[in-house]
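When reading the values below, keep in mind they use all heavy atoms of this one structure, side chains included, and skip hydrogens, waters and symmetry mates.
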Amino acid sequence: MDVSLTMWLVTILGLLALISVDFFIGRKPHDVSIKEAGIWTIVWIVLAAIFGVALLMAGESQASGEFFAGYITEKSLSVDNLFVFVLIMAKFAVPSQLQQRVLMFGVLIALVLRAVFIAAGAAIIANFSWVFYIFGAFLIYTAWKLIQEARSDEDEDDFEENRLLKSIERKFGVADRYHGTKLFIRVNGKRVLTPLMVVMLAIGTTDVLFALDSIPAIFGLTQDPYIVFTANAFALMGLRQLYFLIGGLLTKLVHLSYGLSVILGFIGVKLVLHALHESGVHVPEISTPFSLVFICGVLIVTTITSLIASRKQQRRAGQDKPETEPTAAEAEKDSIEA
């Protein structure tokens with residue numbers, strides 16, 4: 001797309017306005033209900049759909065298809081990231097009424113970080129076409145790694161703080177309890193971090209790792225920086241509400257890692273084919289419509305098989321559950337009858 005500077009500014013201002021509305025609605029700490037999370041999840045999805053349809057009506061059919069493919073891919077990767085968010089919330093025992101504030105600032109940090117990654121990626125791709133080989137190989141490796149982790153018997157039930165976060169905690173110190181929405185307090189005249197600030201930093205720094213696979217993945221679907229940025233923005237902005245909506249369902253998506261590995265591997269192959277084509281090698285390239293259908297198909301199959309497998313596990317667990325011990329009265333009655 002030939003996007004003017006004015007169009008960039010209008011888009012960024014529009015996204016900032018949406019973020020402001022979201023911040024205004026969630027400014028007061030409270031427990032987010034399923035109804036509230038469901039309504040706003042639908043709102044963000046509808047807004048993304050309107051944006052994609054607007055591109056189509058403007059005569060940018062290819063850009064519209066690339067946006068939807070990128071948006072769905074980034075959304076599915078974001079769902080996988082929610083597993084880590086759940087671990088972080090549990091690690092720091094974040095009160096339920098403060099969790100939405102943590103996620104809100106975490107998403108803002110993620111948007112800034114990804115904007116930097118997107119700008120860097122676009123600049124590299126514009127000058128070095130061979131970088132597609134690196135992106136493709138990295139995604140194929142990531143796909144293989146996801147399968148290995150999914151097949152392993154080890155469960156990641158804890159969150160390990162990274163070195164940067166530990167060094168920040170040592171330098172500034174951390175308060176022993178939460179102090180509402182405050183990020184800093186003074187203890188004996190020294191300014192220290194609150195646990196709330198530490199959690200926000202944990203989610204923000206963790207998103208750097210998430211961007212290492214999500215940014216190359218979307219560049220495998222489109223090389224248009226405008227589409228890459230907007231697809232990422234719309235996928236991330238609804239992440240907070242999605243966390244509260246499907247938080248309890250995450251454990252049922254037992255095959256999600258397999259589905260994501262197939263998608264990342266597919267995009268990795270697509271990138272390698274594109275790199276070969278750019279190098280003058282006559283190889284078939286995968287079209288955007290086919291990519292969109294393939295990604296949606298994998299996610300649908302993954303969701304269905306996950307729910308079936310989860311239901312079988314619940315039935316098996318119910319059958320293996322030991323019978324309850326008899327009460328004292330029942331034991332006494334049986335003893336008398338005997």
Measure across Lys75 and Ala235 and return the closest heavy-atom pair with its distance rounded to 0.1 Å. NZ-O, 3.2 Å
Any chance you could lay out the side chain to side chain contact (heavy atoms under 4.5 Å, CB included) test for Leu276 and Tyr133, step after step, and finish with the verdict? CA-CA 8 Å; Leu276 290 171; Tyr133 288 109; 3.4 Å; yes
How close do Ala93 and Tyr178 get, heavy atom to heavy atom, and via which atoms? O-CE1, 3.6 Å
Applying a strict under-4.5 Å side-chain criterion to I, L, V, M, F, W and Y, I'd like to know whether Met237 and Val112 cluster together. no
Within 6.0 Å of CD in Gln62, more than 12 heavy atoms from elsewhere: no
Interatomic distance, Leu15 atom CG to Leu236 atom CG [nearest 0.5 angstrom]: 11.0 Å
CD1/Ile124 to CH2/Trp130 distance, rounded to the nearest 0.5 angstrom? 8.0 Å
To the nearest 0.5 Å, atom CD of Glu66 lies from atom OG of Ser61 at 9.5 Å
Inspect the surroundings of OH in Tyr141 and state if more than 12 heavy atoms from other residues, nucleotides or ligands are less than 6.0 Å away. no
Are Val262 and Leu307 grouped together when hydrophobic residues (ILVMFWY) are joined by side-chain heavy atoms under 4.5 angstrom apart? no
So Trp40 and Trp44, would you call those rings parallel, tilted or perpendicular, with 30° and 60° as cut-offs? tilted
Apply side chain to side chain contact (heavy atoms under 4.5 Å, CB included) to residues Leu221 and Ile295 and explain how you reach the verdict. CA-CA 11 Å; Leu221 299 169; Ile295 292 169; 4.1 Å; yes
Does a side-chain heavy-atom distance below 4.5 Å link Ile263 with Leu299? yes
Scanning both residues in full, the closest heavy-atom pair of Gly265 with Ile140 reads O-CG1, 4.2 Å
Can Tyr258 and Val298 be said to form a side chain to side chain contact (heavy atoms under 4.5 Å, CB included), step by step? CA-CA 9 Å; Tyr258 292 104; Val298 170; over 6 Å; no
Transitively linked via ILVMFWY side-chain contacts under 4.5 Å: Leu18 with Met7? yes
Less than 4.5 Å apart, any side-chain heavy atom of Ile19 and any of Leu108? yes
Steps toward side chain to side chain contact (heavy atoms under 4.5 Å, CB included) verdict (Ile125, Phe135): CA-CA 10 Å; Ile125 289 173; Phe135 281 0; 4.0 Å; yes
Can you name the ring-ring contact (aromatic ring centres under 6.0 Å, His included) partners of Phe132, sequence neighbours left out? His274
Atom pair CG/CD1 of Asn232 and Ile215 - distance to nearest 0.5 Å: 4.5 Å
Can you tell me how far the CG atom of Asp224 sits from the CZ atom of Phe229, to the nearest 0.5 Å? 12.5 Å
Test your reading of the model: is there a side-chain donor-acceptor pair from Ser64 to the backbone of Glu60, 3.5 Å cut-off? no
Contacts table for residues 51-59: side-chain donor-acceptor under 3.5 angstrom, sequence neighbours left out:
none

Please examine the side chains of Val228 and Glu74, heavy atoms only from C-beta on, and report whether any two atoms are closer than 4.5 Å. no
Val301-Leu264 co-clustered via ILVMFWY side chain contacts under 4.5 Å: no
Donor-acceptor pair, distance only, cut-off 3.5 Å: does the side chain of Thr305 make one with the backbone of Thr302? yes
Nearest heavy-atom contact between Gly136 and Val272 is CA-CG2, 4.1 Å
Is the Phe234 ring parallel, tilted or perpendicular to the Phe67 ring (thresholds 30°, 60°)? perpendicular
Show the nearest heavy-atom pair for residues Cys296 and Ile72, with the distance to one decimal. SG-CD1, 3.5 Å
Nearest 0.5 angstrom please: Leu13 CG to Thr6 OG1, how far? 11.0 Å
State which residues pass ring-ring contact (aromatic ring centres under 6.0 Å, His included) with Phe138; sequence neighbours excluded, sorted by chain then number. none
Closest contact, heavy atoms only, Leu139 versus Gly268: CB-CA, 3.9 Å
Would you say that Tyr226 contacts Thr11 through its side chain, given a criterion of any heavy-atom pair below 4.5 Å between the two side chains? yes
In one Ile/Leu/Val/Met/Phe/Trp/Tyr side-chain cluster, 4.5 Å: Phe266, Ile300: no
